[in-house]
There are 4 protein chains.
Amino acid sequence: MINRVILIGRLTKDPDLRYTPNGIPVSTFNLAVNRTYTNQQGEREADFVNCVAWNRQAETVAKYLKKGSLAGVDGRLQTRNYEAQDGRRVYVMEVIAESLQFLEPKGARTKNSEKDEPIPGGGYGDPFGDSDDPIDVSDNDLPF
Amino acid sequence: MINRVILIGRLTKDPDLRYTPNGIPVSTFNLAVNRTYTNQQGEREADFVNCVAWNRQAETVAKYLKKGSLAGVDGRLQTRNYEAQDGRRVYVMEVIAESLQFLEPKGARTKNSEKDEPIPGGGYGDPFGDSDDPIDVSDNDLPF
Amino acid sequence: MINRVILIGRLTKDPDLRYTPNGIPVSTFNLAVNRTYTNQQGEREADFVNCVAWNRQAETVAKYLKKGSLAGVDGRLQTRNYEAQDGRRVYVMEVIAESLQFLEPKGARTKNSEKDEPIPGGGYGDPFGDSDDPIDVSDNDLPF
Amino acid sequence: MINRVILIGRLTKDPDLRYTPNGIPVSTFNLAVNRTYTNQQGEREADFVNCVAWNRQAETVAKYLKKGSLAGVDGRLQTRNYEAQDGRRVYVMEVIAESLQFLEPKGARTKNSEKDEPIPGGGYGDPFGDSDDPIDVSDNDLPF
DNA sequence: TTTT
DNA sequence: TTTT
């Protein structure tokens, strides 16, 4: 059935990249999506949305996004539940990012640190081209 | 910032209509959105999404939707948190339904019970017209 | 870049299935999407959106949808242009349907004609299961 | 019925602001939305989408967006037709922008010309706050 | 009849 | 050149 989510927001912290037991990369990150309306006190609040990216997307997220990065996400809602340490069942809803758009201008991406350097011979290669455009990463590019 | 969710699913139970202390109607309901893909066991699972409707939408939801109804929702993601009875802070994400579409054929809606009768002289009137179409309710129609 | 369209509407005529020179199936169809608001004369109008489906989706559209069918579309906007017979350049925008949901109740689909019979040994098989649910067809199911 | 479009793209030229006979502001602009996939020649193409903004949105578009600006649009598809000078009927589909997000970093917006100065005492005021955030303008802010 |  |  139709299940579609589109968000633009900023990462509230650096993304977290892990691997499943079978070696599949998964990144999780939290997006602050500012509301367009203000509350009764006239303040603009935000919604804080947990997102998950898999495979190539996961690695690109980890490599190029960091706390404060502006990004667009096109994906779907997913719910799951698990048993907490104290035995309670915990219900979670998160956004599975099917396609991602980095909205930082190029300068903002390249002007900083070593951790942004592509690992020589590793990963899926550099997703950035010559243009000064925001970057798209789509599931269609997945090698599997 | 852009925050958009579109879902089609079925209510997993009857909606719950309440009123805020200032008399604003709020309906909550849970939508089962079937996945288009199957899991490793070849089963088709679903995501279970909590939704909230306000004002006129809230009353229409309560009046015309029930467990099993098929509906489309166009809205936005909202997060909030509250303190549970045991002192833990609970974080919740839900979909605020800005516009709703009832996707049951007319027969399915009218063939049953008393509770579907419009309250004489009450509410916002009957949202159903003459056509055999699914019904839309948009925030634009709100009387406030 | 993000490019997402979600529509629910009714086919204004039977879909048109053709094949590219390389044998790729393409269906085109037109969706009437009723507006939720009324015009100055108090009439409810509609938008008439041309849609295109490829491959397996194309064949499923042709087999199971017909004039009047209610369907949901999740896809993207695409523009193209071509030279008309009189030499003018014509600019077209249409929706590429990436995922489709048939919203007719099961009875409505099965109660009629020969053309709905699955061609024995042909096509991609019957997309309908046992449930009374609307049907999804996703590009993920494509055999290529 | 559900009718939702979300796009991120760049203006291919400066927006065009006009007024209806009753003084309602309307801006039209064209967005280049780059595709995430490449064609058979390995080139990345774009879709060129005509958009329309009304009222306050129209004036903000005209004041703050120009050729090359990156923007997000959340809106709906609308079709209309009119008679051309030569008597042919022309069918048009465009996106009505219900909510807009300016995605240029603040520096890019302020580093240039006089035409960006707010008209003293005129318009709807400056939509930019103190933050370094992209800007949202929603129909909810309309003064009518 | 196109943006970066 | 439109669906219910």
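Remember, it's a predicted structure, so these values are computed and weren't measured experimentally. Just the heavy atoms: all of them, side chains too, but no hydrogens, waters or symmetry mates, feed the values below.
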Q: Find the distance C/Leu103:CG to F/dT3:C1' and express it as a whole number of Å.
A: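 To the nearest whole Å, that distance equals 14 Å.
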
Q: Starting at atom CD1 of D/Ile8, determine the distance to atom C1' of E/dT3, rounded to an integer number of angstrom.
A: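 For the pair D/Ile8 CD1 and E/dT3 C1', the rounded distance is 14 Å.
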
Q: I need the CG-P distance between C/Leu70 and F/dT2, as an integer number of Å.
A: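 About 20 Å, once rounded to whole Å.
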
Q: Whole angstroms only, please: what is the CZ-P distance between D/Phe29 and E/dT2?
A: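 Distance check: D/Phe29 CZ to E/dT2 P gives 20 Å.
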
Q: Residues two or more places apart in sequence or in another chain: which of them pass salt bridge (charged side-chain N to carboxylate O under 4.0 Å, His left out) with D/Arg76?
A: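 Salt bridge (charged side-chain N to carboxylate O under 4.0 Å, His left out) list for D/Arg76, sorted by chain: D/Glu98.
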
Q: Calculate the interatomic distance between D/Arg10 atom CZ and E/dT4 atom C1'; express it in whole Å.
A: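 After rounding, the gap between these two atoms is 4 Å.
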
Q: Look only at the side chain of D/Gln78 and the backbone of D/Ile96, and say whether a donor-acceptor pair between them is shorter than 3.5 Å.
A: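 Checking the backbone N and O of D/Ile96 against the side chain of D/Gln78, no donor-acceptor pair under 3.5 Å is found.
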
Q: Check the distance between E/dT3's C1' and D/Glu104's CD and give it to me in whole angstrom.
A: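 To the nearest whole Å, that distance equals 11 Å.
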
Q: Applying salt bridge (charged side-chain N to carboxylate O under 4.0 Å, His left out), can you list everything that pairs with C/Glu83, at least two apart in sequence or on another chain?
A: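 Salt bridge (charged side-chain N to carboxylate O under 4.0 Å, His left out) list for C/Glu83, sorted by chain: C/Arg89.
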
Q: Within a strict 4.5 Å, meaning less than it, do heavy atoms of the A/Phe102 and A/Leu70 side chains meet?
A: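 Contact flag for A/Phe102/A/Leu70 side chains = no.
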
Q: What is the nucleic acid contact for C/Gly68, judged by heavy atoms within less than 4.0 Å: base, sugar-phosphate only, or nothing?
A: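 Sugar-phosphate contact only.
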
Q: Taking atom types as they are modelled, would you say the side chain of D/Asn30 forms a donor-acceptor pair with the base of E/dT3 within the 3.5 Å cutoff?
A: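 Donor-acceptor pair under 3.5 Å: no.
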
